[in-house]
A.B. asks: 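One structure coming up, written as structure tokens, with questions to follow.
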Amino acid sequence: MSLEDDLFAQRLRRTGEIEALGFRAYGQRFDASHTIPQILAHYGSKTAEELADQPRVRIAGRIQTVRRMGKAGFLHLTQSGERLQVYIRKDAVPEPDYALYEGFDLGDIVGVDGYLFRTRTGELSVHAEKLTFLSKILLAMPEKWHGLEDVEIRYRQRYLDLIANPESQKIFVTRAKIVSSLRRQLEERGFVEVETPMMQPVYGGAAARPFVTHHNTLDLDLYLRIAPELYLKRLIVGGLERVYEINRNFRNEGVSTQHNPEFTMLEFYQAYTDYQGLMDLTVELLKQTAIDATGSAVVEYQGTKLDFGNIRRLSMQEAVGNPSLRGHALVEAFERQIEPTLFEPTIIYDYPVEVSPLSKNKPSDPAFVERFEIYVAGMEIGNAYTELNDPKEQCRRFEYQRTLKAAGDEEAHQMDEDYLRAMSYGMPPTGGEGIGIDRLTMILTNSKSIRDVILFPLLRPEGEIGIAERLRGGDV
RNA sequence: GGGCGCGUAGCUCAACUGGCAGAGCAACUGACUCUUAAUCAGUAGGUUGAAGGUUCGAUUCCUUCCGCGCUCACCA
């Protein structure tokens with residue numbers, strides 16, 4: 001029997017001991033008076049004298065450390081990455097409560113009733129008067145000092161990462177702030193949040209290979225969307241003049257530190273504007289999002305300061321420094337020579353029409369389209385353009401994509417007649433933009449890999465885990 | 001998909017050129033009523049990712065496979 005099995009069996013037995021003491025190994029509702037962060041916020045700066053009236057508290061959390069000293073002891077409870085010490089004396093709690101405490105394992109979830117005081121060394125602590133058992137841990141916690149380093153376990157068992165590494169919790173809290181900041185800013189400007197199909201009979205709006213699935217009753221192959229773009233623009237035709245969606249896209253392509261097969265995109269469309277209007281909006285959105293997420297428009301990423309309050313704007317030809325380059329050659333030169341060097345937040349505008357099947361031509365030079373992308377830390381984090389709203393031109397673009405597809409380009413855009421029909425009812429001049437939420441979160445949380453900002457990134461499934469057998473073993 | 005690298009106790013890591021697989025934390029037993037990486041004394045814990053090969057002898061060298069990371073290609 002391995003040590004882990006041994007430990008597991010031992011703790012399964014301990015659930016019986018907990019119940020023999022009159023507690024529940026898996027407890028019930030527990031109404032705390034405060035969360036641990038609340039206690040630290042309200043009482044963290046109070047002196048021992050100010051706590052002389054012994055403020056009563058009722059708290060719950062996971063046991064992070066235990067220090068036993070015969071007939072008394074200390075433990076730390078954690079909640080939301082913050083911790084509070086509890087002091088337990090044999091003569092200050094009921095007898096069964098002390099026996100319960102003696103059997104605590106690191107990682108158990110417990111409740112404590114008591115009063116606040118400061119220890120001799122000055123640490124704010126709860127003097128326990130009553131304990132409640134809430135949930136028994138059966139497996140071993142990661143090491144308390146080094147935390148959990150193994151990236152594979154961190155991604156596969158994210159809950160362990162969140163328990164052991166408070167920085168990881170912070171990343172996902174920041175991610176939530178980024179999303180809510182963008183929602184708030186868009187709603188302040190009159191944008192309406194919508195949801196469009198994830199399963200689409202025709203995929204479009206980006207150049208990528210899709211995932212395919214099947215609906216049984218309709219006997220219909222469907223694609224998981226690679227982008228919501230064409231549906232959002234149908235809504236613009238319908239008169240929802242400012243719409244946005246924050247949701248998942250699925251692309252059946254490589255996995256890397258910057259790519260996950262499912263990823264989150266903000267797309268928004270605004271009627272009667274163009275890409276210049278979107279550039280101004282983008283600059284405002286990104287600056288405010290950086291402030292809301294990190295407290296500052298200047299963000300440090302991998303040792304370099306990035307100023308979201310000062311976003312450069314360069315045309316692609318200016319960036320490459322060669323006004324004679326056009327078409328695919330220009331894009332290749334840009335992607336090879338310039339893109340990796342764009343560390344400071346930068347807007348690159350005016351793309352060749354060949355790589356932009358849904359963007360509107362520049363009136364002054366139809367070989368280019370009114371399109372820009374946002375680059376930060378060498379990564380593309382956004383893509384925007386004045387939407388092509390001429391159905392005849394759109395039809396020609398689809399035909400061109402069809403020839404690319406026939407020539408073997410798997411990612412060429414599909415012909416979408418339903419979309420052409422919608423556009424034929426008249427689409428107002430419109431600007432549209434997509435921002436990659438995962439990559440933006442990487443930048444604003446100083447994360448090197450996209451897997452660090454996605455709670456459950458895609459990994460190959462692991463083999464047999466064997467926990468069911470061990471849990472059955474506890475019944476014998 | 002290609003290249004490079006990694007996989008040792010539950011966790012964090014050692015093990016020189018191929019020569020007895022180790023430490024800290026966690027666990028178990030005992031002592032301890034203000035500790036905080038508690039301390040002190042003791043105990044237990046290993047199919048070295050898997051399978052095969054070379055060798056007197058393999059964690060170490062070779063082959064295949066599995067998983068993960070980095071990177072190139074593709075892509076956002």
Side-chain angles (χ1 to χ4, degrees), chain A residues 1-11 14 48 63-76 83-93 98 103 105-107 117-125 127 137-157 160 163-165 205-209 226-227 249-267 335-336 339 373-376 378-383 409-411 434-440 442 448-452 457 459-464:
Chain A
M1 180 186 268
S2 76
L3 175 68
E4 199 187 358
D5 286 332
D6 209 22
L7 183 101
F8 197 88
Q10 177 190 104
R11 290 183 175 181
R14 204 161 273 175
I63 297 173
Q64 189 188 38
T65 62
V66 182
R67 294 172 293 283
R68 293 179 230 271
M69 289 162 301
K71 300 187 181 62
F74 293 88
L75 52 85
H76 273 110
R83 59 184 225 169
L84 179 61
Q85 183 169 260
V86 176
Y87 178 49
I88 297 159
R89 295 170 52 129
K90 189 166 189 173
D91 55 17
V93 295
Y98 199 77
D105 286 303
L106 300 187
F117 75 112
R118 281 200 182 271
T119 63
R120 207 167 287 164
T121 55
E123 178 164 347
L124 181 67
S125 305
H127 190 117
I137 188 170
L138 299 175
L139 291 162
M141 286 274 281
E143 208 239 15
K144 65 184 170 191
W145 192 238
H146 296 91
L148 183 65
E149 303 280 345
D150 186 318
V151 291
E152 187 175 347
I153 301 177
R154 288 185 46 227
Y155 297 152
R156 280 193 200 284
Q157 297 176 257
L160 276 185
I163 290 169
N165 302 323
R209 283 145 64 195
I226 58 174
N249 290 344
F250 306 86
R251 298 190 186 172
N252 203 341
E253 294 180 342
V255 175
S256 81
T257 49
Q258 291 166 41
H259 301 85
N260 194 64
E262 55 178 306
F263 64 101
T264 301
M265 184 95 114
L266 161 66
E267 285 206 15
E335 287 179 351
R336 201 170 52 247
E339 184 177 327
E373 295 195 348
I374 309 139
Y375 290 89
V376 185
M379 283 190 294
E380 182 190 336
I381 64 164
N383 179 20
D409 182 350
E410 285 190 71
E411 294 175 354
I435 293 177
I437 297 296
D438 310 277
R439 289 183 178 179
L440 182 58
M442 286 171 67
K448 271 198 290 196
S449 171
I450 199 168
R451 289 178 216 109
D452 292 325
L459 299 177
R460 284 198 166 84
E462 61 185 320
E464 191 64 32

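So you know, we letter chains A, B, ... as the sequences are listed, proteins then strands, and number each from 1. Note that the structure is predicted; figures quoted are calculated from it, not measured.
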A.B. asks: Closest approach to the side chain of A:Arg439, judged atom by atom: which nucleotide of B:U71, B:G67, B:A76 is it?
C.D. replies: B:A76
A.B. asks: Hey, does A:Tyr375 reach any base, or is it just sugar-phosphate, or nothing, if we go heavy atoms under 4.0 Å?
C.D. replies: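 Answer is nothing: A:Tyr375 stays at 4.0 Å or more from every strand.
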A.B. asks: Give one of base, sugar-phosphate or nothing for A:Leu75, where a contact means two heavy atoms less than 4.0 Å apart.
C.D. replies: nothing
A.B. asks: Categorize A:Arg118 for me: base, sugar-phosphate, or nothing, with a 4.0 angstrom heavy-atom threshold over every strand shown.
C.D. replies: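 Nothing, no nucleic acid heavy atom in range.
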A.B. asks: In whole Å, what separates the P atom of B:G19 from that of B:C66?
C.D. replies: 30 Å
A.B. asks: Can you find a side chain N or O atom of A:Thr65 that sits less than 4.0 Å from OP1 or OP2 on B:A37?
C.D. replies: no
A.B. asks: Tell me: CD of A:Glu462 to P of B:C65, nearest whole Å?
C.D. replies: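 Result: 22 Å.
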A.B. asks: Can you check whether A:Leu106 reaches A:Ile137 side chain to side chain, under 4.5 Å on heavy atoms?
C.D. replies: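 No, every pair of side-chain atoms sits at 4.5 Å or beyond.
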A.B. asks: Which nucleotide, in any strand shown, forms a Watson-Crick or G-U wobble pair with B:G69, with both distances under 3.5 Å?
C.D. replies: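 With both distances under 3.5 Å, B:G69 matches B:C4.
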A.B. asks: Quick one: label A:Ile381 by what it contacts on the DNA or RNA (base, sugar-phosphate, nothing), any heavy atom closer than 4.0 Å.
C.D. replies: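 It contacts nothing in the nucleic acid.
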A.B. asks: Counting only side-chain N and O atoms of A:Arg89, is one of them less than 4.0 Å from OP1 or OP2 of B:U33?
C.D. replies: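 No, because none of the side-chain N or O atoms of A:Arg89 sits under 4.0 Å from OP1 or OP2 of B:U33.
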A.B. asks: Which is true for A:Gly147 with a 4.0 Å heavy-atom rule: it touches a base, it touches only sugar-phosphate, or it touches nothing?
C.D. replies: sugar-phosphate
A.B. asks: Indicate whether OP1 or OP2 belonging to B:C28 is found under 4.0 Å from a side-chain N or O atom of A:Gln10.
C.D. replies: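 Answer yes for this pair, as a side-chain N or O of A:Gln10 is under 4.0 Å from OP1 or OP2.
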A.B. asks: Taking OP1 and OP2 of B:C32, is either one under 4.0 Å from a side-chain nitrogen or oxygen of A:Arg68?
C.D. replies: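 Checking B:C32 against A:Arg68, no side-chain N or O comes under 4.0 Å of OP1 or OP2.
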A.B. asks: As an exercise, state the distance from CZ of A:Arg439 to CG of A:Asn260, rounded to the nearest 0.5 Å.
C.D. replies: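 Taking CZ in A:Arg439 and CG in A:Asn260, the distance rounds to 11.0 Å.
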A.B. asks: With P as the reference atom in both, quote the distance from B:U60 to B:C16 in angstrom, rounded to an integer.
C.D. replies: 12 Å
A.B. asks: Mind checking if A:Ala207 touches a base, just sugar-phosphate, or nothing, with heavy atoms under 4.0 Å?
C.D. replies: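 The answer is sugar-phosphate, as A:Ala207 gets under 4.0 Å only of primed atoms, P, OP1 or OP2.
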A.B. asks: Just to be sure I understand the rule, does A:Arg209 reach a base, reach only the sugar-phosphate, or reach nothing, if contact means heavy atoms closer than 4.0 Å?
C.D. replies: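 The answer is nothing, as A:Arg209 stays clear of every strand by at least 4.0 Å.
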A.B. asks: Could you tell me the separation between the CD1 atom of A:Ile381 and the CD1 atom of A:Ile437, rounded to the nearest 0.5 Å?
C.D. replies: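 It is 9.5 Å, given to the nearest 0.5 Å.
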A.B. asks: From the list B:C25, B:C34, B:A27, which nucleotide is the closest neighbour of the side chain of A:Glu143?
C.D. replies: B:C25
A.B. asks: Which label fits A:Phe74 and A:Tyr87: parallel for a plane angle under 30°, tilted from 30 to 60°, or perpendicular past 60°?
C.D. replies: parallel
A.B. asks: Would you indicate which nucleotide in B:C11, B:C74, B:U35 comes nearest to any side-chain atom of A:Pro142?
C.D. replies: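 Comparing B:C11, B:C74, B:U35 against the side chain of A:Pro142, the answer is B:C11.
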A.B. asks: Measure distances between side-chain N and O atoms of A:Glu123 and base N and O atoms of B:U35, and say whether any donor-acceptor pair falls under 3.5 Å.
C.D. replies: no
A.B. asks: In whole Å, what separates the P atom of B:G7 from that of B:U12?
C.D. replies: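 One P to the other, the span is 13 Å.
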A.B. asks: Measuring only the P atom in each nucleotide, how far is B:A41 from B:C4? A whole number of Å is fine.
C.D. replies: 49 Å
A.B. asks: Would you classify A:Arg154 as touching base, sugar-phosphate or nothing, given that sugar-phosphate means primed atoms plus P, OP1 and OP2, and contacts are heavy atoms under 4.0 Å?
C.D. replies: nothing
A.B. asks: Report the base-pairing partner of B:G42 (Watson-Crick or G-U wobble, both distances below 3.5 angstrom), or none.
C.D. replies: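 By the stated definition (distances under 3.5 Å), B:C28 pairs with B:G42.
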A.B. asks: Does A:Leu84 reach the side chain of A:Leu124, with side-chain heavy atoms less than 4.5 Å apart?
C.D. replies: yes
A.B. asks: Rounded to the nearest angstrom, tell me the gap between atom CZ in A:Arg67 and atom P in B:C25.
C.D. replies: 15 Å
A.B. asks: Quantified in whole Å, what is the P atom distance between nucleotide B:A21 and nucleotide B:C65?
C.D. replies: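 Here B:A21 and B:C65 have their P atoms 30 Å from each other.
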A.B. asks: Quick one: which of B:G67, B:U33, B:U12 gets closest to the side chain of A:Leu148?
C.D. replies: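 Shortest atom-to-atom distance from the side chain points to B:U12.
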A.B. asks: Of the candidate nucleotides B:G69, B:U12, B:C34, which contains the atom at the shortest distance from the side chain of A:Thr119?
C.D. replies: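 Of B:G69, B:U12, B:C34, B:C34 is nearest to the side chain of A:Thr119.
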A.B. asks: Hey, does A:Lys90 reach any base, or is it just sugar-phosphate, or nothing, if we go heavy atoms under 4.0 Å?
C.D. replies: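 Contact class for A:Lys90: none.
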A.B. asks: Both distances under 3.5 Å, Watson-Crick or G-U wobble: report the partner of B:U47, or none.
C.D. replies: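 The answer is none; no pair meets the criterion.
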A.B. asks: To the nearest 0.5 Å, how far apart are CG in A:Asn165 and CZ in A:Arg154?
C.D. replies: 6.0 Å
A.B. asks: Is the closest side-chain heavy-atom distance between A:Leu459 and A:Arg156 below 4.5 Å?
C.D. replies: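 The answer is yes; the side chains approach within 4.5 Å.
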A.B. asks: Less than 4.0 angstrom between a side-chain N/O of A:Lys144 and OP1 or OP2 of B:C11, yes or no?
C.D. replies: no
A.B. asks: Would you check if the side chain of A:Asn383 reaches a backbone N or O of A:Glu373 as a donor-acceptor pair within less than 3.5 Å?
C.D. replies: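 No; zero donor-acceptor contacts below 3.5 Å.
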A.B. asks: Is B:A9 paired to anything, Watson-Crick or G-U wobble with both distances less than 3.5 Å, and if yes, which nucleotide?
C.D. replies: none
A.B. asks: When rounded to the nearest Å, what value does the distance between C1' atoms of B:A44 and B:C61 take?
C.D. replies: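 B:A44 and B:C61 have their C1' atoms separated by 34 Å.
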A.B. asks: Base of B:G7, side chain of A:Glu152 - is there a donor-acceptor contact under 3.5 Å?
C.D. replies: no
A.B. asks: Given the C1' atoms of B:C28 and B:U64, what is the spacing between them in whole Å?
C.D. replies: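 Roughly 42 Å separates the two C1' atoms.
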A.B. asks: Give the rounded distance in Å between these two atoms: CG of A:Asp6 and P of B:A9.
C.D. replies: 17 Å
A.B. asks: Using the P atoms only, state how far B:G49 lies from B:A15, rounded to an integer number of Å.
C.D. replies: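 The answer is 15 Å between these two P atoms.
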A.B. asks: Could you check how far CG of A:Leu160 sits from P of B:U12, rounded to whole Å?
C.D. replies: 10 Å
A.B. asks: In whole angstroms, how far is the C1' atom of B:C34 from the CZ atom of A:Arg120?
C.D. replies: 5 Å
A.B. asks: Contact class for A:Asn383 (heavy atom, under 4.0 Å): base, sugar-phosphate, or nothing?
C.D. replies: nothing
A.B. asks: Describe the nucleic acid contact of A:Tyr155 in one word from base, sugar-phosphate, nothing, applying a heavy-atom distance below 4.0 Å.
C.D. replies: sugar-phosphate
A.B. asks: What nucleic acid atoms does A:Glu373 come within less than 4.0 Å of, heavy atoms only: base, sugar-phosphate, or nothing?
C.D. replies: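 If one applies the 4.0 Å heavy-atom cut-off, A:Glu373 turns out to touch nothing in the nucleic acid.
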A.B. asks: Please report, rounded to the nearest Å, how far the P atom of B:A9 is from the CE atom of A:Met141.
C.D. replies: 19 Å
A.B. asks: Across all strands shown, which nucleotide pairs with B:U33 by Watson-Crick or G-U wobble geometry, both distances under 3.5 Å?
C.D. replies: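 WC or wobble partner does not exist here.
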A.B. asks: Closest nucleotide of RNA chain B for A:Ser449 versus for A:Pro261: which of these residues is on the 5' side?
C.D. replies: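 Its nucleotide being nearer the 5' end, the pick is A:Ser449.
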A.B. asks: Counting Watson-Crick and G-U wobble pairs only, both distances under 3.5 Å, name the nucleotide matched with B:U59, or none.
C.D. replies: none
A.B. asks: Are A:Phe74 and the base of B:A38 stacked, counting only ring centres nearer than 5.5 Å and planes tilted under 30°?
C.D. replies: no
A.B. asks: Checking all strands, does A:Asp409 fall into the base, sugar-phosphate, or nothing category for heavy-atom contacts under 4.0 angstrom?
C.D. replies: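 Contact class for A:Asp409: none.
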A.B. asks: Would you confirm whether A:Glu143, through its side chain, and A:His146, through its main-chain N or O, come within 3.5 Å as a donor-acceptor pair?
C.D. replies: yes
A.B. asks: Using a 4.5 Å cut-off on heavy atoms from C-beta on, say whether the side chain of A:Pro142 contacts that of A:Leu160.
C.D. replies: yes
A.B. asks: What is the separation between atom CD on A:Gln64 and atom C1' on B:C11, rounded to the nearest whole Å?
C.D. replies: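 Distance, rounded to whole Å: 14 Å.
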A.B. asks: Take A:Gly70 and A:Arg251, find for each the nucleotide of RNA chain B with the closest heavy atom, and name the residue whose nucleotide sits nearer the 5' end.
C.D. replies: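 Going by which nucleotide is closer to the 5' end, it is A:Gly70.
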A.B. asks: Name the nucleic acid region contacted by A:Ser125, choosing base, sugar-phosphate or nothing; use a 4.0 angstrom heavy-atom cut-off, strictly under.
C.D. replies: nothing
A.B. asks: Which listed nucleotide (B:C34, B:C28, B:C68) is nearest to the side chain of A:Asp105?
C.D. replies: B:C28
A.B. asks: Check the distance between B:A76's P and A:Leu440's CG and give it to me in whole angstrom.
C.D. replies: 17 Å
